[in-house]
Enquirer: 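Questions regarding the structure given below will be posed in turn.
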2 protein chains.
Amino acid sequence: MAQTDPLNLDSMLCFAVYAAEHAFTRFYKPRLDALELTYPQYLVFLVLWESDGLTVKALGDKLFLDSGTITPLIKRLEGRGLVRRERDKQDERQVRIFLTDEGRALREKALAVPLAVGKALGGDARTAAMLRDSLHRLREQLDAADA
Amino acid sequence: MAQTDPLNLDSMLCFAVYAAEHAFTRFYKPRLDALELTYPQYLVFLVLWESDGLTVKALGDKLFLDSGTITPLIKRLEGRGLVRRERDKQDERQVRIFLTDEGRALREKALAVPLAVGKALGGDARTAAMLRDSLHRLREQLDAADA
DNA sequence: AACAATTCAATTGCGCGCAATAGAAATTTC
DNA sequence: GAAATTTCTATTGCGCGCAATTGAATTGTT
């Protein structure tokens, strides 16, 4: 029974993505509460744990976010002593974000988070990897459409 | 080359979902501007066009949203004359949402939106449907994990 | 019937997420 | 090298999205 209505909610890919995103946020909430981080803050740490000292711009490019989102987010983390902001000496337009010892130490606790995801998905890493790659292609197609 | 770091951003399914969701929002923005709707407002109309007169609760169940999100959203639509709110006579706790003629008329313009998505994805409806189903399963697994 | 527990919508508070704008710094152009 | 353009961060405004709470209406219990 094919879906004939082009405006049927449950047949729409966009809504499936939207609903899955919220489900992830709900799933992460109690796990990230243990780190006192929101999900976007967690993403920032994922980036910084891999490459400390990035500029706001570079961070935004990685996460597909702009300064309007990142600047206040970082300031909240700075207020809690988890990161440090430092203006670049070579190019004074740029602000670089550095982890403090406390921010670096958070990484240990964070290791539990992907483990919980793996468990929830039944340990099928191959299926998850394929889905991830499909989503990457989807994002590229959507971004390319208006370029 | 297997990904060994469990906290690597680009290998994470959650980030792929997160990034795809934002890409969809960006893609929809100019198309929904033509209807003067935000994406969540568009979702509400998708539901109402299919089943008019739902309660706030039923709407929330469909979209995985709560009254804290839906109530103010609906009030904005009501202020623009696109929907009407009416307290249920049988059960006065409930508020039912009805489309106005103007709200119903929006549907014509909305038909262009899924067409644009189809075009952006290269018309491969089968791949899109499989991805959609995978995301539905993902959402169910995540929701089931804490039940 | 009286009381307790549940359900539903609304509200408050806070953190995204993005458009639009501003202002400073760097780069390009002439 | 002066002027125009671009780049980068920060700010403002607005609409989600959700936790927590409130108050009214309904249902369940005894």
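Per chain, numbering begins at 1; letters A, B, ... match sequence-line order.
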Enquirer: Please state whether the rings of B:Y18 and A:Y39 are parallel, tilted or perpendicular, taking 30° and 60° as the class boundaries.
Expert: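 Geometry flag for A:Y39 against B:Y18: perpendicular rings.
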Enquirer: Verify the neighbour count for atom CZ of A:R126: are there more than 12 heavy atoms of other residues, nucleotides or ligands below 6.0 Å?
Expert: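 Result for CZ/A:R126: open.
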Enquirer: Given atom CG of B:D33 and atom C1' of D:dG15, what is their separation to the nearest angstrom?
Expert: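 About 13 Å, once rounded to whole Å.
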Enquirer: Reckon B:T25 touches a base, only the sugar-phosphate, or nothing at all at heavy-atom distances under 4.0 Å?
Expert: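 The residue B:T25 makes no contact with any strand.
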Enquirer: Salt bridge check: are B:D33 and B:K29 linked by an N-O gap of less than 4.0 Å?
Expert: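 B:K29 and B:D33: salt-bridged.
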Enquirer: So does B:T71 reach the base of C:dA9 with its side chain, donor to acceptor, closer than 3.5 Å?
Expert: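 No such pair is found, so the answer is no.
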Enquirer: Return the value, rounded to whole Å, for the distance between atom CD1 of A:I74 and atom P of D:dC8.
Expert: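 Going from A:I74 (CD1) to D:dC8 (P), I get 17 Å.
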Enquirer: I want to confirm an ordering. Mapping A:D66 and A:T38 to their closest nucleotides on DNA chain C, which one lands closer to the 5' end?
Expert: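 The residue closer to the strand's 5' end, by nearest nucleotide, is A:T38.
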Enquirer: Give a yes/no answer on whether the side chain of B:Q90 brings an N or O atom under 4.0 Å of OP1 or OP2 in D:dA25.
Expert: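 B:Q90 to D:dA25 OP1/OP2: no side-chain N or O under 4.0 Å.
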Enquirer: With respect to the phosphate group of D:dT11, does any side-chain polar atom (N or O) of A:K75 fall under 4.0 Å of OP1 or OP2?
Expert: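 Affirmative; the distance criterion is met.
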Enquirer: The side chain of A:R26 is closest to which nucleotide in this list: D:dA10, D:dC18, C:dC18?
Expert: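 Selected nucleotide (nearest to the side chain): D:dC18.
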Enquirer: Can you tell me the distance, in whole Å, between the CZ atom of B:R87 and the P atom of D:dA24?
Expert: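 Going from CZ in B:R87 over to P in D:dA24 covers 11 Å.
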Enquirer: Between atom CZ of B:R76 and atom CD of B:Q41, what is the distance when rounded to the nearest 0.5 Å?
Expert: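 It is 6.5 Å, given to the nearest 0.5 Å.
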Enquirer: Atom CD1 of A:I70 and atom P of D:dT11: how far apart are they, to the nearest Å?
Expert: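 These atoms are roughly 15 Å apart.
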Enquirer: So, is B:Y39 close to the C:dG17 phosphate, meaning a side-chain N or O under 4.0 Å from OP1 or OP2?
Expert: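 So the side chain of B:Y39 is outside the cut-off, no N or O lying under 4.0 Å from OP1 or OP2 of C:dG17.
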Enquirer: Quick one: is D:dT9 close enough that its OP1 or OP2 comes under 4.0 Å of any side-chain N or O from A:R85?
Expert: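 No.
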Enquirer: When you match B:R93 and A:A58 each to their closest nucleotide on DNA chain D, which lands nearer the 5' end?
Expert: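 Final value for this comparison: A:A58.
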Enquirer: With the side chain of B:T55 defined as its heavy atoms from C-beta on, choose the nearest nucleotide among C:dA9, D:dC16, D:dT9.
Expert: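 Side chain of B:T55 sits closest to C:dA9.
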Enquirer: Rounded to whole angstroms, how far apart are OH on A:Y42 and C1' on C:dG15?
Expert: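 The distance from OH of A:Y42 to C1' of C:dG15 comes to 19 Å, rounded to the nearest Å.
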Enquirer: Assign each of A:Q41 and A:D91 to its nearest nucleotide of DNA chain C by heavy atoms, then name whichever residue's nucleotide is nearer the 5' end.
Expert: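 Upstream on the strand: A:Q41.
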Enquirer: Taking everything shown except A:E50 itself, do over 12 heavy atoms lie less than 6.0 Å from its CD?
Expert: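 Yes, enclosed.
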Enquirer: Tell me: CZ of A:R76 to P of D:dA10, nearest whole Å?
Expert: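 After rounding, the reported distance stands at 13 Å.
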Enquirer: Can you tell me the distance, in whole Å, between the CD atom of A:E86 and the P atom of D:dA10?
Expert: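 Going from CD in A:E86 over to P in D:dA10 covers 13 Å.
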Enquirer: Kindly say if A:T69 contacts the phosphate of C:dG17, meaning a side-chain N or O under 4.0 Å from OP1 or OP2.
Expert: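 So the side chain of A:T69 is outside the cut-off, no N or O lying under 4.0 Å from OP1 or OP2 of C:dG17.
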Enquirer: Assign each of A:V56 and A:K29 to its nearest nucleotide of DNA chain D by heavy atoms, then name whichever residue's nucleotide is nearer the 5' end.
Expert: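 The residue closer to the strand's 5' end, by nearest nucleotide, is A:V56.
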Enquirer: Side chain of A:V95 only, please: which of C:dG17, D:dA10, C:dA10 is the nearest?
Expert: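 Given the options C:dG17, D:dA10, C:dA10, the side chain of A:V95 is closest to D:dA10.
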Enquirer: Output the rounded distance in Å from CD (B:E21) to C1' (D:dG17).
Expert: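 Checked: the CD to C1' distance equals 11 Å.
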Enquirer: For a quick check of understanding: with a heavy-atom distance under 4.0 Å over all strands, which category does B:L73 fall into, base, sugar-phosphate or nothing?
Expert: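 Contact class for B:L73: sugar-phosphate only.
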Enquirer: NA contact type, B:L65, heavy-atom cut-off 4.0 Å: base, sugar-phosphate, or nothing?
Expert: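 It contacts sugar-phosphate atoms only.
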Enquirer: Angle class for the A:Y28/A:F24 ring planes (parallel below 30°, perpendicular above 60°, tilted otherwise)?
Expert: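 A:Y28 vs A:F24 ring planes: parallel.
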